[in-house]
Amino acid sequence: MYRKLTHVSVAIAMTGALVGAITLAAEDTAAGSPTTGGRVVEVVALATSINDFVDIGPTGPSPGDVYVFSETLVRPDDEHQILGRLEGRCNLINPSEGRFECTIVSSLPHGTITTAGILVNAPGATSVGAVTGGTGAYRSSRGEATVLLGTNRHEIRFVLVG
């Protein structure tokens, strides 16, 4: 059975938090809070019209199909304040469980955060991925990204180290 796919952000946006006492970037100040040894960056990803499932065959969801998406990143406390974009590509691994392997790039005002991991595509599911790097203010970052998947709104938390 084909069901509408929801969005991801490892960033899974699966998306951001840094560990260590460091100065927060402008977007982090409003959306994140320092923690012992680092910082946490929290954002919300909102679905856009770029939300495409590429069925490579056989017809219907099958291993290897690709899901591509682009989402708008906003502040958790003010969803009208746009912080950036989250863009990703996921390969379907297990259709019966809705499991995808994803690579996601979250673009924020002071750089990008890249993430990779397994996403369970079910509203209400929480998935955790690795922060694999970044650019600008995030160039030496690593850590974890957690996404709480909604239908068109996803809560993302980055815990960053480095």
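Along the sequence shown, residues are numbered consecutively beginning with 1. For clarity, every value in this text was computed on a predicted model and none was experimentally measured.
Contact check for Val131 versus Glu144: no side-chain heavy atoms found under the 4.5 Å cut-off. Contact check for Arg75 versus Leu83: side-chain heavy atoms found under the 4.5 Å cut-off. In this structure the side chain of Thr48 never reaches within 4.5 angstrom of the side chain of Phe69, judged on heavy atoms. The shortest side-chain heavy-atom distance between Arg157 and Val40 falls under the 4.5 Å cut-off.
In this pair, Phe53 and Phe100 present their aromatic rings perpendicular. The plane angle is above 60°, beyond the 30 to 60° band.
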(request) Dump the intermediate steps for side-chain hydrogen bond (donor to acceptor under 3.5 Å, both in side chains) on Asn91 and Tyr67, then the final yes or no. (result) CA-CA 6 Å; Asn91 293 321; Tyr67 177 52; over 6 Å; no
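Within the 3.5 Å criterion, the main-chain N or O of Gly133 finds a donor-acceptor partner in the side chain of Thr114. Between the side chain of Ser70 and the backbone N or O of Ile50 there is no donor-acceptor pair closer than 3.5 Å. At least one donor-acceptor pair under 3.5 Å links the side chain of Asp65 to the backbone N or O of Ser62.
Between Thr72 and Arg85 the shortest heavy-atom distance is OG1-NH1, 3.2 Å. Scanning both residues, Glu97 and Val120, for their nearest heavy atoms gives O-CG1, 4.0 Å. Across every non-hydrogen atom of Pro63 and Pro95, the tightest pair is CD-CG, 3.8 Å. The minimum heavy-atom distance between Ala145 and Thr115, with the atom names listed, is CB-CG2, 3.8 Å.
Salt-bridge annotation for Arg153 and Glu155: present, with a side-chain N of the basic residue lying under 4.0 Å from a carboxylate O of the acidic one.
The CG atom of Leu86 sits 9.0 Å away from atom CG of Leu108, with the distance rounded to the nearest 0.5 Å. For the atom pair Asn94 CG and Asn121 CG, the distance stands at 12.0 Å (nearest 0.5 Å). A distance of 5.0 Å separates NE2 of His154 from CG of Leu149, quoted to the nearest 0.5 Å. Put simply, CD on Glu87 and OG on Ser106 are 9.0 Å apart, with the number rounded to the nearest 0.5 Å. Note that the OG1 atom of Thr146 and the CD atom of Glu42 stand 10.0 Å from one another [nearest 0.5 Å].
A search for salt bridge (charged side-chain N to carboxylate O under 4.0 Å, His left out) contacts involving Arg89 returns Glu101, not counting sequence neighbours. Qualifying side chain to side chain contact (heavy atoms under 4.5 Å, CB included) partners for Thr135, counting only residues two or more places apart in sequence or in other chains: Thr112. Residues meeting the side chain to side chain contact (heavy atoms under 4.5 Å, CB included) test with Ser140, sequence neighbours left out: none.
Connection of Val68 to Ile56 is established within a shared hydrophobic cluster, with ILVMFWY side chains joined at heavy-atom distances below 4.5 Å, either directly or through further cluster members. Both Leu46 and Ile82 belong to a single network of hydrophobic side chains, linked directly or stepwise wherever heavy atoms of I, L, V, M, F, W or Y lie under 4.5 Å apart.
With no hydrogens or angles considered, no side-chain donor-acceptor pair links Thr132 and Arg142 at under 3.5 Å.
Just one residue in the list Val147, Leu148, Ile118 forms a side chain to side chain contact (heavy atoms under 4.5 Å, CB included) with Ser127, and that residue is Val147.
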